[in-house]
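See below for the structure under consideration.
The shown structure was predicted, so the numbers you read here are calculated from the model rather than taken from an experiment. In what follows, every chain begins at residue 1, and chains take the letters A, B, ... in the order their sequences are listed.
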There are 2 protein chains.
Amino acid sequence: MKNIKPTESELEILNVIWDKGQATVRDVHEVLETQKQSGYTTTLKLMQIMYEKGLLEREASGKSHVYKATIEREEAQGQMLQRMIDNVFSGSASQLVMQALGHHKSTPDELDAIREYLKTLE
Amino acid sequence: MKNIKPTESELEILNVIWDKGQATVRDVHEVLETQKQSGYTTTLKLMQIMYEKGLLEREASGKSHVYKATIEREEAQGQMLQRMIDNVFSGSASQLVMQALGHHKSTPDELDAIREYLKTLE
DNA sequence: CATTTGCTACGAATATATTCGTAATAAAGA
DNA sequence: TCTTTATTACGAATATATTCGTAGCAAATG
């Protein structure tokens, strides 16, 4: 089980790739451009580094490469969450949960979904 | 409302100070030493930087300084949580909550506490 | 009074992350 | 065929974070 710790920029890229399933540098760059100003080669370089780190895998396709994430979104979310629980909430997941529920006005539907989910955890 | 983004090392220091209420460099260093090997002046330098950034305030006490956090633990937790919700869970707090509940076997007591808490959110 | 101890300040080395320019290359288009 | 375009690779500049050595100083100790 791989343990990842993406930087902020890497996470932005992962989010695009997770959304799309797979993507070229150009695909990713076009999305990132809408969020913040940045050069194409910046995105390229980051994705090359992520490939070297093993965060992404890639496959040649004509002149370019098609990248995929080597870890599922849920798996990565779980790891990042665990790190936050450990480092910020002294290891208490329930503390984190209550903070999250308290600060963000969730809709009644969302709260219901959580209640349902709690039932399945018995 | 100040918006903080402590680095990993800064967070370790903040945790000690939040636990103690206030602390000197030596106090902090003694705790950190039990967690990882590091030099006294490293801790000192970090706390000086945190002071410059406004993360800590300090007061001379004899030859040394007594430091306090300029932000409450809960406030900081809330901000870090919000950032994670935005960057990792596409803005969905309930997604984060369910991930947290699913991955970490909370005790029945904790789950009860969360259920109670949900009731108060109606 | 001289020495040791414990503190701050600060510069510098190192590591890591981010950004971008330039070169090489191959495909597409005129 | 010649030129433009889109791509990768890579080096380098910049920014940020981390670590520690050294100097200066004052208090405590012998």
**OP:** Could you please spell out the steps behind the side-chain contact (heavy atoms from CB on, under 4.5 Å) verdict for B:N3 and B:R83?
**Re:** CA-CA 11 Å; B:N3 213 328; B:R83 206 168 289 123; 3.1 Å; yes
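- Which of C:dA9, C:dC20, D:dT8 sits closest to the side chain of A:S64 comes down to D:dT8.
- Taking the side chain of B:R58 as heavy atoms from C-beta on, and the options C:dA9, D:dA9, D:dA17, the nearest nucleotide is C:dA9.
- Within a heavy-atom distance below 4.0 Å of DNA chain D, the residues of residues 12-33 of chain A found are A:V25, A:R26.
- Judged by atom type and distance alone, A:K63 does not reach the base of C:dA27 through any side-chain donor-acceptor pair under 3.5 Å.
- In the hydrophobic clustering of this structure, B:I13 does not group with B:I49; members are Ile, Leu, Val, Met, Phe, Trp, Tyr whose side-chain heavy atoms approach within less than 4.5 Å, directly or through other members.
- Looking at heavy atoms from C-beta onward, B:I4 lies out of side-chain contact with B:E10 at the 4.5 angstrom threshold.
- With a 4.5 Å cut-off on side-chain heavy atoms, A:K53 and A:P6 do not count as touching.
- With hydrogens and angles disregarded, a donor-acceptor distance shorter than 3.5 Å links the side chain of A:Q77 to the backbone of B:V88.
- Remark: side-chain polar atoms of B:E75 are not paired, donor with acceptor, to backbone N or O of B:E72 under 3.5 angstrom.
- Between B:K36 and A:H65, the residue anchored nearer the 5' end of DNA chain D, judged by the nucleotide with its closest heavy atom, is A:H65.
- Using a 4.0 Å cutoff on non-hydrogen atoms, the parts of residues 39-56 of chain A near DNA chain D are A:Y40, A:T41, A:L44, A:K45, A:Q48, ordered by number.
- Judged by distance alone, the side chains of A:Q99 and A:Q95 never bring a donor and an acceptor atom under 3.5 Å apart.
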